[in-house]
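Residue numbers begin at 1 in each chain, while the letters A, B, ... track the order of the sequences. Remember, predicted model here, so these are calculated numbers, not experimental data.
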There are 2 protein chains.
Amino acid sequence: MEDRAGVGTSASGAGAAAPRRRRGASMADVARLAGVSSQTVSRVSNGSPGVVEETRTRVLAAMRELGYRPNSAARALKHGEFRTLGVILFNLSTTGNVRTLEAIADSAAREGYAITLMPVAVPTQTDVRGAFTRLGELAVDGIIVIMEVHLLDASTISLPPHVQVVVVDSDAGDRYTVVDTDQRGGARAAVEHLLGLGHRTVWHLAGPPDSFAAQRRTEAWLTALREAGRTVPPLLFGDWSAESGYKAGKLVPDDCTAVFAANDQMALGLLRALHERGRRVPQDISVVGFDDIPESASFIPPLTTVHQDFAEVGRRCVDGVLRQIRDQSAERGTALVPTRLVRRDSTGPAPSDG
Amino acid sequence: MEDRAGVGTSASGAGAAAPRRRRGASMADVARLAGVSSQTVSRVSNGSPGVVEETRTRVLAAMRELGYRPNSAARALKHGEFRTLGVILFNLSTTGNVRTLEAIADSAAREGYAITLMPVAVPTQTDVRGAFTRLGELAVDGIIVIMEVHLLDASTISLPPHVQVVVVDSDAGDRYTVVDTDQRGGARAAVEHLLGLGHRTVWHLAGPPDSFAAQRRTEAWLTALREAGRTVPPLLFGDWSAESGYKAGKLVPDDCTAVFAANDQMALGLLRALHERGRRVPQDISVVGFDDIPESASFIPPLTTVHQDFAEVGRRCVDGVLRQIRDQSAERGTALVPTRLVRRDSTGPAPSDG
DNA sequence: GACCTGGATGTTTACGTAAACATCGCGTAA
DNA sequence: TTACGCGATGTTTACGTAAACATCCAGGTC
């Protein structure tokens, strides 16, 4: 023991003094110490059969002594796969992205895959392309794209070949596998819930127009109103932030009795604005959010909102991309994850006219 | 063009029909197409000098035609480094972890490093060790540990050798490089702010006892009160969630005029409980939070809180671990990132007696 | 006792890249 | 004219692993 420094340095020739970047022990080092061939070490390392118990023990001991750990680069080079998935996203500032990422990481870990993050700070098309290029050079077998904005334009982004892709929250179902939340169903449920409570119509505090999720929630709101034959009030816009919801809340007219906000954060700001204006929720005006973030149950009042199953979205992403990797086939189409309305205290019957 | 399928299949011998796992084009393939040696391709790929313009153009064209992208496994094997950092964390459900991770990812990307996630679902010691073992086998040059709980016990966790480690939010400064927020300073500022407004004493809604951040905030609160010679009210405990803050809010006695909550989510729940009990904030009672999450500016009322600079924490983590990698030296000690009090509307002068 | 069987182990080779070294050819100085 | 220098390019080799193949030996069969 203790000759660790000399391990692997027995190369013939001079100039061995130069401390070339210290690497960990290799199979050859372990093999030498255990008095076996490196192939046997490999067999032990991978749990292959055909190694007698005594040899195995000796090899394991040698491994421990040298602090051996397999070199995954060599392994990947040999196998031609990395057992790693890349996740490209714009930021971690929205709840949905984070929760989805968390679920993806968990699912991937369960399948023995690691997750490599590839954040794109500013979502310009140049940057997106750059991210893909870098991801292509990285050690990934597949890519999951979590996009808030629909920049997945085939004409500007060239996906690396031989890499499978799954996309979250996009309209690219004709070109990629897309996993998405049932935005329309959720938005429709929110509107119908409010109409069912007797409200004449429902205002909508929309997310940024370049967000696909926001677009679809808005569309569904519009459709639901039209199908019910209600008048369509003007749109309010926010940028997902609570602050933008607060500003929008100042613009809500007095005769509005119901608002559907495109996410919970904006609903939070909306609630504050209404509170400051002395409009009671839900007695004077009802509010519905979207996402069901944990905090929404503690808003004043607790928020009625549309629950998104981010965990399921993440699971399906991993399942999808792994299936594609195994089959070497690029599936297409969109899988929808259902939502459900969570009724709390921010919605109530329409105030009687008067 | 279009003979992509045959690329690299010109091996001598039979049985070539079996579609062995299709790999991307290699340097050899590009070299063949461009009529140069693979070494020249390597030079072009890495931008090394000594390639005449015409050759370079031809090689680039061949690369494009074959969709060549460098195999990072081979590259890593050759270099002995992966240009990747591993991040081990328990979950992505707390704001701090997420924001820190985001900053880490950005800083790392700027340095040309990728981030590999290693989530540990349940923070038992066994799992933590498992995570480290797996990370050791992964392709990482360094590890950043984002810990909410102090499980970094040297006796149970064996860090892989030859891998540098930086730890966030822990007391392991004697064994690792630790980057941390100035919890004590922030908590002290919160308490002193409230005392300065004339409050007799300050109650504390603490985080879970096994969280180091929570412990230190509690200690600093205690110290600040004692130094000011105030009576120390009993501790209230939460689990960081808004819901737990709400429950704690029901226990706050009527003669309490100031509460320091260990994070903003709990403060949110606290605000709701106080609101339901008819206690006005800040006229009857003041509340201070910790973290300064974006939403806290939209609470009712907007929350006075302690701002944490997660971005700076992330930056310092990456800087620290990269420096260690370059110097091959394990630094020790703790670097503190300052906090600052953000005054909003949830704090005000103590109500006059009687 | 020669021969086969099969399990345990060793040897060879290839994965894709890039450093180190070798070669080639052209221009220039003696 | 010859030799030398140098820039452009080619050849060899090693990185650590594991599949494929080779070898060896004990035990059983006829």
Is there a side-chain contact between [X] and [Y] (heavy atoms, below 4.5 Å)?
{"X": "B:Arg75", "Y": "B:Lys78", "answer": "no"}
{"X": "A:Cys317", "Y": "A:Val168", "answer": "yes"}
{"X": "A:Tyr176", "Y": "A:Val145", "answer": "no"}
{"X": "B:Arg58", "Y": "B:Thr40", "answer": "no"}
{"X": "B:Ile104", "Y": "B:Ile146", "answer": "yes"}
{"X": "B:Ser45", "Y": "B:Met63", "answer": "yes"}

Within less than 4.0 Å of OP1 or OP2 of C:dA18, is there a side-chain N or O belonging to B:Asn46?
yes
How many Å lie between [atom1] on [X] and [atom2] on [N], as a whole number?
{"X": "B:Tyr68", "N": "C:dA18", "atom1": "OH", "atom2": "C1'", "value": "10 Å"}
{"X": "A:Arg75", "N": "D:dA18", "atom1": "CZ", "atom2": "C1'", "value": "9 Å"}
{"X": "A:Met63", "N": "D:dT17", "atom1": "CE", "atom2": "C1'", "value": "12 Å"}
{"X": "B:Glu53", "N": "D:dA8", "atom1": "CD", "atom2": "P", "value": "11 Å"}
{"X": "B:Lys78", "N": "C:dA14", "atom1": "NZ", "atom2": "C1'", "value": "15 Å"}
{"X": "A:Glu81", "N": "C:dG16", "atom1": "CD", "atom2": "C1'", "value": "16 Å"}
{"X": "B:Met27", "N": "C:dA18", "atom1": "CE", "atom2": "C1'", "value": "7 Å"}
{"X": "A:Asn71", "N": "C:dT17", "atom1": "CG", "atom2": "P", "value": "16 Å"}

Summarise how protein sits on nucleotides 5-12 of chain C as a single string, 5' to 3': B when a protein heavy atom is under 4.0 Å from the base, S for sugar-phosphate-only contact, - for no contact.
---SBBB-
Between B:Ala74 and A:Ser42, name the one whose nearest nucleotide on DNA chain D is closer to the 5' end.
B:Ala74
Note down the inter-axis angle between the two ends of the helix from C:dG1-D:dC30 to C:dA30-D:dT1, five pairs each, to the nearest 10°.
70°
Would you mind checking if B:Arg316 and B:Asp319 are paired as a salt bridge, meaning a charged N to carboxylate O distance below 4.0 Å?
no
Answer yes or no: is there an ion pair linking B:Arg56 with B:Glu54, defined by an N-O contact shorter than 4.0 Å?
no
With side chain to side chain donor-acceptor pair (under 3.5 Å) as the test, pick out the partner of A:Thr177 among A:Arg323, A:Gln324, A:Arg332.
A:Gln324
